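Report on the following structure.
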There are 2 protein chains.
Amino acid sequence: MRKLPAKLASQLYGAAELIAERGLDGTKIEDIAEATGIPKATIYYHLDGKNAVLEFLLGDLLDMIAGAVGVAVASEENARTRLEAAVQAQLGVMLEHPSLCRALVGDLGRATRLPELAAALRTAFYEPIEQLLAEGVSDGSLRQVADPGAVALSVFGAITVAGLSAAVEGPSADPSADAARFSSAVSELVLDGLATPGSRDQRRGEPL
Amino acid sequence: MRKLPAKLASQLYGAAELIAERGLDGTKIEDIAEATGIPKATIYYHLDGKNAVLEFLLGDLLDMIAGAVGVAVASEENARTRLEAAVQAQLGVMLEHPSLCRALVGDLGRATRLPELAAALRTAFYEPIEQLLAEGVSDGSLRQVADPGAVALSVFGAITVAGLSAAVEGPSADPSADAARFSSAVSELVLDGLATPGSRDQRRGEPL
DNA sequence: TCGTATGTTGTACTCACGGTACAAACCAAG
DNA sequence: CTTGGTTTGTACCGTGAGTACAACATACGA
């Protein structure tokens, strides 16, 4: 099943839009066959079924994200700057592939139930952030927070939901402009927060 | 179909865990019948099908969230304080109903494809935040940002993903303690950001 | 006490779709 | 030509959602 020929792989992308639109359940194998031009029998020859189609498509997306973010994170800058770069990289890839992103949101449940994908999700999205936050504390460019795990999760959420929503809003005319817009908004939030200097001094105590 | 008897409604919750675990697709109507004690024929008498089961369960969750957040937002405090309260409220409800949350993530695609739920999602999660951000600028307790829409989206993502992840980590012994922990982490991020004072002066220019 | 309306449930059915089986054709490479 | 992988059409099977329907329960007003 692994290693399906390049030609088929590229044809398979023709199914992304379909799956994004109707969800995997709403999409019949026959539909996929028609949309991609690959006959059903051939699909089953290479792939283990519907899920494998999704797995292939999303696996690719996740690899692209992990790759781009990996590059962004590997520079010599301080963690704060690299965090900005990572945000930009992740949003850039996401906005370049809106239908894959829509497929991802739409079938998130299935995706997380596919073990290989679940792992890829983690390494593509969450781990780089977590790492960066820790490094930022070491190099002094990011603040020490009380609960690094929870904060990393939130940062991850801020970035990802922004990208996902952007993808869901139908593809834009200029994805890279959008990516820039969104990533500066996200960075602004994540780095500087929303409190005004005036209200910032009131320390939060124990809520509840 | 609307207005199913209270007794059945409460029985239906018995299916939440099941759906959370296996996804709606992985759950047969027969399974739901068995888990809830409501026979299949009766389910179909009241509900329009599998989707309606999900719609009912998630609709309830969303109502609870919208309600709790609504209360939090309605106080006399400044927007910044109310934002903290809203975060706490949303996470509180989410952590109290982990299996509903898991069902929500798992079948997000389906949920957003059910028009009534899509609207409820918006009003429960996104709109209060958006509103609060605008009010914070007016009352001076929150900073004016370049792209309020995108920032609101990110804040929404930060809160929601934190809650969702917490819900996915299996139910905890003390949900309200967890809610407090997570909500203070999220508030810390959203209000104060992560940049250290030292690195904060380097303004971000045009990325890309 | 009946009659009618409304809910409850079991059983049996239909039908769409995912997946499989298989045989025929195709296409290298040796 | 032969051999071994690939490609594809076609026919088929099993599962599970949804439907039909009849029998039964329950309530309630006349």
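Note on naming: letters A, B, ... go to the chains in the order of the sequence lines (proteins, then strands), and numbering restarts at 1 for each one. Quick caveat, the model's predicted, so the values are computed rather than measured.
Side-chain contact check for B:V145 versus B:L133: every heavy-atom pair is 4.5 Å or farther apart. Counting heavy atoms from C-beta outward, B:R113 and A:R22 have side chains that stay 4.5 Å or more apart.
We find that CG of B:D31 is positioned 12 Å from C1' of D:dT15, with the value rounded to whole Å. Atom-to-atom, NZ of A:K50 to C1' of C:dT20 comes out at 16 Å; the value is rounded to the nearest Å. Taking atom NZ of residue B:K40 and atom P of nucleotide D:dC21, one finds them 16 Å apart after rounding to whole Å. Taking atom CD1 on B:I38 and atom C1' on C:dG10, their separation rounds to 16 Å, with Å as the unit. Separating the CD atom of B:E30 from the P atom of C:dA12 is a distance of 13 Å, rounded to the nearest angstrom. The interatomic distance linking B:K7 (NZ) with D:dT26 (P) rounds to 11 Å, in whole Å. In this entry the distance linking NE2 of B:H46 with C1' of C:dT9 reads 11 Å, nearest Å. Put simply, CD on A:E34 is 13 Å from P on C:dC17, counting in whole angstrom units.
Only at 4.0 angstrom or more do the heavy atoms of residues 12-29 of chain B sit from any atom of DNA chain C, so none qualifies.
Scored by the side-chain contact (heavy atoms from CB on, under 4.5 Å) test, B:T123 finds B:E127 as partners (sequence neighbours excluded).
Remark: the A:T160 side chain and the A:Q90 side chain contain an N/O donor-acceptor pair separated by less than 3.5 Å.
Between C:dT8 and B:Y45, no contact under 4.0 Å exists linking OP1 or OP2 to a side-chain N or O.
Using a cut-off of 4.0 Å between Lys/Arg side-chain N and Asp/Glu carboxylate O, A:R110 and A:E55 are scored as not salt-bridged.
Judged by distance alone, with hydrogens and angles left aside, the side-chain atoms of A:R82 form a donor-acceptor pair with the main-chain N or O of A:E77 at under 3.5 Å.
The 5' end of DNA chain C is approached more closely, in terms of each residue's nearest nucleotide, by B:L8 than by the other of B:L8 and A:Y44.
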